[in-house]
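In this chain, residues are counted from 1 in sequence order.
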Amino acid sequence: MKKEQEIERNYAPKQEQPQPHGEQERSSNNDSYPQHTGDTHGTETIQPSILYYGTPVLMLSTLNEDGSTNLSPLSSSWALGDCLVLGIGIQGKAYENLIRHPECVINLPDASMWKQVEVIGKFTGVTPVPEAKQQMGYTFCQDKFSISELTPQNSIEVMPQRIAECPIQIEASVQHIRIPEHTPYMAIVEVKAMKVHAHAKIISGTNKINPETWRPLIYNFRHYYGLGAKCGENFRAEKV
């Protein structure tokens, strides 16, 4: 409790301190101080339908009821240390599987794999397909490895299989799942990395990924990019 009170106190809005007589007058009259009179960059207030502002794509392996592996493309994640946080829709198979079996593999494709990601992205492992997903064009697929021509590879620490073609594969255990009150259609999933696999061509020295050879696939407002030119686009992308 003491720590919580400390945090609240540290982040409480600061009360404006009264300035000595003459200070306010000097601040308002001194032209040497920067004057913020308006928008100098021509920005506009907008309400975009999506906020996929450019993050790496991942394909999440989770365990189905029959022991097979489901694959779910995601673009909402971040990592710090061995902790990773994922954003997952609660109507998908990934959420259902993680609730039942709290293990996964975070497979990170490179930019050359965007077409395989897009193939998987049109399917769901949930049957019957929820009406909301039907309206968005999703259909059911049990074996996403076959439909995308990707290769399953057994994991070491967890039961869901890895994707052999992905240059980085992170086996992980789920630590916490919560559904935020402000956004009740998605789940925030915290996982802990258990084992990291990487293709030899992107390894530089001991336990290091070479940023010169690792080229993640970036999801930029439903369009696919590498670290350079555009690769392609999602089937639900808005035309530009």
Side-chain angles (χ1 to χ4, degrees), residues 50-52 55-109 116-148 150 152-164 166 168-197 219 222 234 236:
I50 53 173
L51 285 175
Y52 299 128
T55 51
V57 173
L58 67 92
M59 287 190 279
L60 190 71
S61 299
T62 58
L63 195 70
N64 292 322
E65 298 90 336
D66 62 359
S68 63
T69 295
N70 181 67
L71 300 178
S72 303
L74 304 176
S75 64
S76 301
S77 72
W78 59 265
L80 186 62
D82 62 359
C83 172
L84 296 95
V85 179
L86 313 174
I88 299 176
I90 64 173
Q91 286 194 322
K93 191 65 176 179
Y95 175 74
E96 179 185 314
N97 284 348
L98 290 176
I99 291 292
R100 189 189 65 258
H101 185 88
E103 293 182 337
C104 62
V105 181
I106 296 161
N107 303 279
L108 295 166
Q116 290 153 303
V117 172
E118 181 60 12
V119 166
I120 295 173
K122 298 177 182 179
F123 295 97
T124 176
V126 177
T127 183
V129 179
E131 185 177 345
K133 279 186 168 284
Q134 288 183 38
Q135 293 175 356
M136 290 187 286
Y138 290 88
T139 54
F140 172 72
C141 178
Q142 174 67 28
D143 187 356
K144 295 180 185 177
F145 277 105
S146 294
I147 201 72
S148 59
L150 293 171
Q153 188 167 4
N154 289 337
S155 299
I156 297 174
E157 300 285 344
V158 301
M159 292 184 68
Q161 293 174 305
R162 298 176 279 144
I163 300 174
C166 286
I168 298 177
Q169 309 144 17
I170 305 170
E171 300 181 31
S173 64
V174 176
Q175 304 299 305
H176 186 251
I177 299 177
R178 74 178 181 90
I179 298 175
E181 292 183 6
H182 56 79
T183 314
Y185 54 84
M186 62 159 283
I188 297 173
V189 182
E190 300 173 20
V191 305
K192 178 180 175 64
M194 307 293 289
K195 187 78 69 177
V196 179
H197 309 266
Y219 199 51
R222 288 201 175 119
N234 176 261
R236 294 178 59 213

More than 12 heavy atoms of other residues, nucleotides or ligands under 6.0 Å from CD of Glu131: is that the case? no

For atom OH of Tyr52, decide whether the heavy atoms of other residues, nucleotides or ligands shown that lie under 6.0 angstrom number more than 12. no

Side-chain heavy-atom pair [X], [Y] within 4.5 angstrom cut-off:
X: Lys133; Y: Val126; value: no
X: Leu63; Y: Asn97; value: no
X: Leu98; Y: Val191; value: no
X: Ile177; Y: Tyr95; value: yes
X: Gln142; Y: Ser68; value: yes
X: Glu171; Y: Ile156; value: yes
X: Glu96; Y: Thr62; value: no
X: Val105; Y: Gln161; value: no

Checking the side chain of [X] only, and the main-chain atoms of [Y] only, is there a donor and an acceptor separated by less than 3.5 Å?
X: Arg162; Y: Pro152; answer: no
X: Glu103; Y: Met159; answer: yes
X: Gln134; Y: Val129; answer: yes
X: Thr69; Y: Pro160; answer: no
X: Gln175; Y: Ser173; answer: yes
X: Asn234; Y: Arg236; answer: yes
X: Glu190; Y: Cys83; answer: no

Working to the nearest 0.5 Å, report the span between [atom1] of [X] and [atom2] of [Y].
X: Cys141; Y: Lys93; atom1: SG; atom2: NZ; answer: 12.5 Å
X: Met186; Y: Leu86; atom1: CE; atom2: CG; answer: 10.0 Å
X: Tyr138; Y: Thr124; atom1: OH; atom2: OG1; answer: 8.5 Å
X: Ile188; Y: His176; atom1: CD1; atom2: NE2; answer: 9.5 Å
X: Asp143; Y: Asn70; atom1: CG; atom2: CG; answer: 10.0 Å

Where is the tightest heavy-atom contact between [X] and [Y], given as atom of each residue plus distance?
X: Leu74; Y: Gly87; value: CD2-O, 4.1 Å
X: Ala193; Y: Leu84; value: CB-CD1, 4.0 Å
X: Cys104; Y: Val158; value: O-CG2, 3.8 Å
X: Gln91; Y: Pro130; value: O-CG, 3.9 Å

Can you tell me which residue among Ile88, Leu71, Val189 is in a side chain to side chain contact (heavy atoms under 4.5 Å, CB included) with Leu60? Ile88

Glu157 and Ser155: side-chain donor and acceptor closer than 3.5 Å? no

Do we see a donor-acceptor contact under 3.5 Å between the side chains of Asn107 and Ser61? yes

